[in-house]
Amino acid sequence: MRLQKFLAHAGVASRRASEELITAGRVQVNGKTVTELGTKVFPNRDAIRVDGSLLRSMEPKVYYLVNKPVGYVTTAKDPQGRPTVLDLVNVKERVYPVGRLDYDSEGLVLLTNDGDVAYAMTHPGHMVTKHYLVEVKGVPSARAIKSLTKGVWLSDGKTSPAQVKIVSTGSDRAVLQMTIHEGRNRQIRRMCQTVGHPVLRLKRFEMGPLDLEGLGLGEFRALRVAEVRQLQELARQAQQEKGKLSRPRRRRR
């Protein structure tokens, strides 16, 4: 098994973050530091350590939903010492958050140690939708809404088209429902700022097949069997698609 895949399956981090750990020289195999991606390991035979801590063989896959309040970061650790979403859960397994939800936002966060599911849920090519309720300053015009739905230019390029509708309006603010499938840093906030309507409050209430129904702010729960099956099916499809893309084409004679 490739080392980065083992790290993801062992619940250390996502596949991409595991690659960063390897290239940073923080992973040792049988006492030797490994920095080359794609290094093959035998999980039940090799001694694999991250920052000196020995990893156990692959743990059973687990999946939890958290309704994150404002004031928590969606990382396993924070250099600034701020609370993380892991502080909201009391579980024995080592899990990590899937995708981004910034410090000032609230709502649905998936925690798991399943690297394949994390990959399927976050890769923009898999078109996993994320639904938000967004309170903005001012009432957007039809032109502003159209701009959001067509995609707007940000510092890191143009966003993909979004689904946007006005849920309610007040004298100086409005609530929008927005649906995107990308996961750029603070994307919703930057999109709304670009069209002249800064975000006052942002809540993610649905991601792929998962929603917050019955889950209070700051609470968490294990996923139901049907939900796990849906995520695993997404992961299976993602791996099949990945295999097609990496398969060399035959030359025509």
Side-chain angles (χ1 to χ4, degrees), residues 2-29 31 33-37 39 41 43 47-123 130 156 182-190 202-204 207 210 212 215 217-223 231:
R2 291 189 175 187
L3 180 56
Q4 58 264 41
K5 184 174 183 179
F6 169 78
L7 296 181
H9 277 270
V12 173
S14 67
R15 188 82 63 89
R16 187 175 300 172
S18 294
E19 291 176 350
E20 293 174 357
L21 289 174
I22 295 168
T23 56
R26 296 171 57 185
V27 181
Q28 300 82 40
V29 177
T33 298
V34 175
T35 57
E36 184 178 346
L37 298 178
T39 298
V41 296
I48 302 167
R49 289 178 166 83
V50 176
D51 294 334
S53 297
L54 182 66
L55 300 181
R56 292 173 289 175
S57 187
M58 290 181 290
E59 296 178 327
K61 301 296 184 293
V62 292
Y63 312 83
Y64 298 98
L65 269 190
V66 180
N67 189 351
K68 183 188 96 65
V70 170
Y72 289 79
V73 293
T74 51
T75 56
K77 293 181 181 180
D78 182 57
Q80 301 177 40
R82 295 172 295 181
T84 80
V85 286
L86 298 188
D87 295 323
L88 296 169
V89 302
N90 181 22
V91 297
K92 63 181 181 179
E93 303 90 358
R94 178 160 45 183
V95 294
Y96 54 88
V98 175
R100 295 186 175 106
L101 191 62
D102 65 68
Y103 182 82
D104 298 318
S105 301
E106 61 186 273
L108 187 153
V109 176
L110 171 65
L111 301 177
T112 186
N113 56 4
D114 189 331
D116 290 335
V117 163
Y119 172 79
M121 292 291 283
T122 55
H123 195 286
K130 295 175 276 287
D156 50 355
E182 295 178 293
R184 304 189 199 185
N185 187 38
R186 299 175 70 85
Q187 179 174 340
I188 294 285
R189 292 181 182 276
R190 292 192 290 148
L202 189 151
K203 177 180 181 179
R204 182 164 66 199
M207 183 168 68
L210 309 176
L212 287 175
L215 197 62
L217 193 63
E219 295 180 346
F220 79 99
R221 68 169 175 83
L223 263 60
L231 293 186

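To the nearest 0.5 angstrom, L21 atom CG is 13.5 Å from R16 atom CZ.
Between L111 and Y96, the closest side-chain pair of non-hydrogen atoms is not below 4.5 Å. The side-chain heavy atoms of L65 and F220, taken from C-beta on, include no pair separated by under 4.5 Å. Contact check for R221 versus L215: side-chain heavy atoms found under the 4.5 Å cut-off. E106 is listed as a side-chain neighbour of L217, based on a closest heavy-atom distance under 4.5 Å. Side-chain contact check for D104 versus L202: every heavy-atom pair is 4.5 Å or farther apart. Considering only heavy atoms from C-beta on, L7 comes within 4.5 Å of I22 through its side chain. Counting heavy atoms from C-beta outward, Y72 and V109 have side chains that stay 4.5 Å or more apart. Residues V85 and V73 fail the side-chain proximity criterion, which asks for heavy atoms closer than 4.5 Å.
When atom types are taken as modelled, the side chain of T74 and the backbone of L101 share a donor-acceptor pair closer than 3.5 angstrom. Under a 3.5 Å cut-off, the side chain of K68 and the backbone N or O of S105 do form a donor-acceptor pair. No donor-acceptor pair under 3.5 Å is formed between the side chain of R186 and the backbone N or O of D102. In this structure a side-chain-to-backbone donor-acceptor pair under 3.5 Å is present from R204 to L108. No side-chain donor-acceptor contact under 3.5 Å links N113 to the backbone of V95. The main-chain N or O of V62 is found under 3.5 Å from a side-chain atom of T112 such that the two form a donor-acceptor pair. A distance-only check finds no donor-acceptor pair linking the side chain of D114 to the backbone of Y63 [under 3.5 Å]. Looking at T122, its side chain does come within 3.5 Å of a backbone N or O of A118 through a donor-acceptor pair.
Because its NZ or CZ atom is both nearer than 6.0 Å to the ring centre of Y103 and within 45° of the ring axis, R82 counts as a cation-pi partner of that residue.
Checked by atom type, the side-chain pair Y64/E93 shows a donor-acceptor distance below 3.5 Å.
Between D156 and R190 a salt bridge is recorded (basic side-chain N to carboxylate O distance below 4.0 Å).
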Step by step, would you call L3 with V29 a side-chain contact (heavy atoms from CB on, under 4.5 Å)? CA-CA 9 Å; L3 180 56; V29 177; 4.2 Å; yes
